[in-house]
J.: 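Below you will find the structure I want to go over with you.
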Protein chains: 2
Amino acid sequence: MIEVLRKHITTRLGNDLDHLDEVLSSFKHISTKRNEQLLQQGNICKNVYFIAKGCLQVYVHDKDLNETTRDIVIEDNWCSELLSFGSGKPATENVRTVEPCELFAIDRKSFQTMMETVPQFDKVYKQILEASYANSVYRINTFVSLTAFERIKWLMEYRPLLMTRLSSKLIASYLGINKDVFSRLKAKL
Amino acid sequence: MIEVLRKHITTRLGNDLDHLDEVLSSFKHISTKRNEQLLQQGNICKNVYFIAKGCLQVYVHDKDLNETTRDIVIEDNWCSELLSFGSGKPATENVRTVEPCELFAIDRKSFQTMMETVPQFDKVYKQILEASYANSVYRINTFVSLTAFERIKWLMEYRPLLMTRLSSKLIASYLGINKDVFSRLKAKL
DNA sequence: TGTGAGCGATGACAAAAGTCGATGTTTTAC
DNA sequence: GTAAAACATCGACTTTTGTCATCGCTCACA
């Protein structure tokens, strides 16, 4: 499993990375069931997770206690509540596993140590942050102006795997539409 | 005018910042009219702007050529298309002035020089990026689950200045609702 | 001073989305 | 293996939102 992470890192930072084994050993391997809570809103986000296998959901509760899913992250990607992780302030979002997962977690202290000892490592944080930001900007710019039906077609086109892999309820909360509406519109595709 | 920028920086990075005058002199002062295009989608974003006075709009065009406004940025804040500025790739968004503005612009080359010569300066980029990301995350998490009426009430509560300062058309495109709907709902407040 | 462009408001209507209750299915827990 | 819980779908209905045409106002400017 750690090979997935090794490959991910070398692909991005090059094969000649010093201390690669040291970097890898600073991650802790975690196997989870589905529906495990990795972060609760209000707590401080202690880890950045690399997903070797499985799927995570980043979400909040709206005023009616419905879940609103900001992001769904699958294998070979990083997931965290970066703003809390970076600042040490309480998280505004929740994170849970959607499927059984194989994760590699690095905590703030180890992350800090890596930043100091491995020169290229501070690029990692910047890369994750920039990728997360790009993702958010894209999401705002596309979704704000799309109808429910267009959002579904968008998902079919750009993240088709999710359509088959996730529950309708979860997809609807990711697309920001009502689950009954999602069910009806899906039938019209 | 440059005093606004000086104060902004010292407030965040401390009074004892070395090279402060050098930093300040790497910015170019720009006075604009309203409705000036600072960045066109597809071009490379050359500057980061500090707004000493005025207001900028960051927007895209949807499939029907309507404008969707991702952000409205007022004085004492930074504005750019960071993903393009940071990577040198074409911008996905447009930026224009909404009012006559007093701006301080720093281009990529000067920014790079500052990063190298002024140790604290690389914090600036990280701070701007983190603030932008926080802003986007917040926008997604709140807006996705709000009705048009609730979005208007949100604006009244959290950015009341914008209600009086901007045109209805612009506010509607920021809230992601139709301008006629905005007009009707506003009357019911 | 007149003219035209842009803006904001509004009524009438159409379309989209949300709500609720019922029902059958699948998954989970013991 | 079975009961309970969660999920997906659907019809009927309500509410919200979008569209379009119209009208009056303001402002820039020839």
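Only a predicted model underlies this, so the values are computations on that prediction, with no experimental measurement involved. Chain naming here is simple, since letters A, B, ... match the order of the sequence lines and numbering starts at 1 in each.
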J.: I need the CD1-P distance between Ile171(B) and dA9(C), as an integer number of Å.
T.: 10 Å

J.: Rounding to an integer number of Å, can you tell me how far Leu146(B) CG sits from dT16(D) P?
T.: 14 Å

J.: If you pin Arg34(B) and Asp180(B) to their nearest nucleotides in DNA chain C, which one's is more 5'?
T.: Arg34(B)

J.: Of all the choices, dT17(D), dT9(D), dC10(D), which nucleotide is nearest to the side chain of Ala187(A) once you look at every atom?
T.: dC10(D)

J.: Does Arg139(A) make a cation-pi contact with Tyr174(A) (under 6.0 Å, within 45 degrees of the axis)?
T.: yes

J.: Is a salt bridge present between Lys153(A) and Glu150(A), judged by a nitrogen-to-oxygen distance below 4.0 Å?
T.: no

J.: Among dA17(C), dC7(C), dG18(D), which nucleotide has an atom closest to any side-chain atom of Asn178(B)?
T.: dG18(D)

J.: Which nucleotide in the list dT10(C), dC10(D), dG8(C) gets nearest to the side chain of Lys169(B)?
T.: dG8(C)

J.: Under 3.5 Å, side chain of Thr68(B) to main-chain N/O of Asn141(A), donor-acceptor pair present?
T.: no

J.: Among residues two or more places apart or on two chains, list those pairs meeting ring pair (Phe, Tyr, Trp, His ring centres under 6.0 Å) that have a residue in residues 95-115 of chain A.
T.: His29(A)-Phe104(A), Phe85(A)-Phe111(A), Phe111(A)-Phe121(A)

J.: Of all the nucleotides listed (dA17(C), dA9(C), dT17(D)), which has the minimum atom distance to the side chain of Leu185(A)?
T.: dA17(C)

J.: Could you check which of dT19(D), dA8(D), dT19(C) has an atom nearest any side-chain atom of Arg184(B)?
T.: dT19(D)

J.: Without decimals, in angstroms, what is the distance between Leu189(A) CG and dT9(D) C1'?
T.: 15 Å

